[in-house]
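Quick note: numbers below take in every heavy atom, side chains included, and nothing from hydrogens, waters or symmetry partners.
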Amino acid sequence: MELKIAPDDKYIEIAKKLKTVKNRKDGFYYQKPVKKKILYFSKDSIVIADRLKYVLIYSNENEK
């Protein structure tokens, strides 16, 4: 099963840069399930760690 993401989602630009989503003919983006370790999350940010030597930080700076 894939996650369906609206084209106006606040994190879609990050996902597109990371190439974790694919655009389909219906205009929505789709992401296959992935396993990530969430280190921290709050109302406007998520910190994710995986087996790589870096940490991904998703932040909605527009709401701060």
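For Thr20 against Gln31, the heavy-atom pair with the smallest separation is O-CG, 3.2 Å. Closest approach of Pro7 and Gly27 over heavy atoms only: CG-O, 3.5 Å.
Hydrophobic clustering of Ile, Leu, Val, Met, Phe, Trp and Tyr side chains at less than 4.5 Å, counting indirect connections, unites Ile12 with Leu3.
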